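Everything on this sheet refers to the single structure shown next.
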Amino acid sequence: MTPEGKVKAQVRKILDAYKSPLVYYFMPTTGGYGRSGIPDFVGCVCGHFFAIECKAGKGKTTALQDRELDGIGNAFGIALVVNQDNVSDVKEMLEAELTSTKTNGETK
């Protein structure tokens, strides 16, 4: 498994632990037919859109990835770039969204 693959596996494990009616995600594959730069994980937590781009080490996002992540952030979505050092940000984001929903009394 590649170093980036290990980060993706860690993210998937966190997302799977939270998978419920309030957390949905998938991993888009472009296969040459989709739009370039789409993040590795796309999902929704408590009605809020999120996207996660995984990198290994000090890997940098590409210009196309930056374009997509900026577009998501500009639309008030949650856009994260994680590596093995900050993969815990995924859990923190999920916890914050789930706590915010409970605190505000929102239910669906």
Side-chain angles (χ1 to χ4, degrees):
M1 183 181 295
T2 65
E4 186 171 305
K6 291 178 183 178
V7 175
K8 289 178 184 179
Q10 289 178 296
V11 170
R12 185 181 301 117
K13 185 176 179 179
I14 293 168
L15 290 170
D16 284 345
Y18 283 86
K19 204 168 185 182
S20 70
L22 298 177
V23 179
Y24 167 82
Y25 80 92
F26 68 99
M27 295 179 71
T29 54
T30 58
Y33 294 102
R35 196 155 105 190
S36 296
I38 298 296
D40 297 311
F41 293 87
V42 174
C44 187
V45 55
C46 301
H48 299 137
F49 182 87
F50 70 83
I52 303 166
E53 179 62 36
C54 298
K55 293 294 177 187
K58 295 182 181 183
K60 303 286 184 190
T61 53
T62 67
L64 291 172
Q65 290 168 334
D66 288 339
R67 178 194 69 193
E68 296 301 319
L69 294 167
D70 289 345
I72 291 163
N74 290 337
F76 302 102
I78 301 164
L80 300 176
V81 178
V82 300
N83 62 23
Q84 62 277 5
D85 296 329
N86 70 338
V87 72
S88 62
D89 288 355
V90 175
K91 183 176 180 179
E92 290 172 16
M93 176 270 296
L94 294 169
E95 286 289 335
E97 291 299 317
L98 290 165
T99 300
S100 174
T101 299
K102 289 176 186 174
T103 303
N104 292 329
E106 298 173 22
T107 57
K108 294 193 181 220

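The structure presented is a predicted model; accordingly, all values stated were derived computationally and were not measured. Residue numbers start at 1 and run along the sequence shown.
- Met93 has its side chain within reach of Val45: a pair of non-hydrogen atoms, C-beta onward, lies under 4.5 Å apart.
- The line from CG of Asn83 to NZ of Lys60 is 10.0 Å long, rounded to the nearest 0.5 Å.
- Between His48 atom NE2 and Ile78 atom CD1 the span is 7.0 Å, to the nearest 0.5 Å.
- Separation of atoms SG (Cys44) and CZ (Phe26) is listed at 11.0 Å; rounding is to 0.5 Å.
- Side-chain heavy atoms closer than 4.5 Å link hydrophobic residues (I, L, V, M, F, W, Y) into clusters, and following such links, possibly through other members, connects Phe41 to Leu80.
- Under a 3.5 Å cut-off, the side chain of Arg67 and the backbone N or O of Ser36 do form a donor-acceptor pair.
- Taking the side chain as every heavy atom from C-beta outward, Val42 and Pro28 approach each other to under 4.5 Å.
- Two residues are said to be in side-chain contact when any heavy atoms from C-beta on lie closer than 4.5 Å; Glu68 and Arg35 meet this criterion.
- Here the side chains of Leu69 and Glu53 are in contact, with some heavy-atom distance below 4.5 Å.
- Under the 3.5 Å distance criterion, the side-chain polar atoms of Glu92 are left unmatched by any main-chain donor or acceptor of Asp89.
- The pair Glu95-Lys91 does not meet the salt-bridge criterion, since no charged nitrogen lies less than 4.0 angstrom from a carboxylate oxygen.
- Criterion: ILVMFWY side-chain heavy atoms under 4.5 Å apart, direct or through other members. Under it, Ile72 and Val82 are not part of a common hydrophobic cluster.
- Between the side chain of Asp40 and the backbone N or O of Cys54, at least one donor-acceptor pair lies under 3.5 Å.
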> So Lys55 and Gln84, side chain to side chain donor-acceptor pair (under 3.5 Å) or not? Walk me through it.
Replying inline: CA-CA 8 Å; Lys55 293 294 177 187; Gln84 62 277 5; over 6 Å; no
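- To the nearest 0.5 angstrom, Asp70 atom CG is 11.5 Å from Gln65 atom CD.
- Cluster annotation: Val23 and Val90 are assigned to the same hydrophobic cluster (Ile/Leu/Val/Met/Phe/Trp/Tyr, side-chain heavy-atom contacts under 4.5 Å, transitive).
- Atom CZ of Phe76 is surrounded by 12 or fewer heavy atoms from other residues, nucleotides or ligands within 6.0 Å.
- With hydrophobic clusters built from ILVMFWY side chains whose heavy atoms lie under 4.5 angstrom apart, Leu94 shares a cluster with Val11.
- Within the 4.5 Å cutoff, side-chain heavy atoms of Phe50 are placed close to those of Leu15.
- Residues Lys8 and Met1 form no side-chain contact, since every pair of their non-hydrogen atoms from C-beta on lies 4.5 Å or further apart.
- Although no hydrogens or angles enter the test, the distance criterion places no donor-acceptor pair under 3.5 Å between the side chain of Asp16 and the main chain of Lys19.
- Placement of Leu64 and Ile52 in two distinct hydrophobic clusters is found when ILVMFWY residues are connected by side-chain heavy-atom separations under 4.5 Å, directly or transitively.
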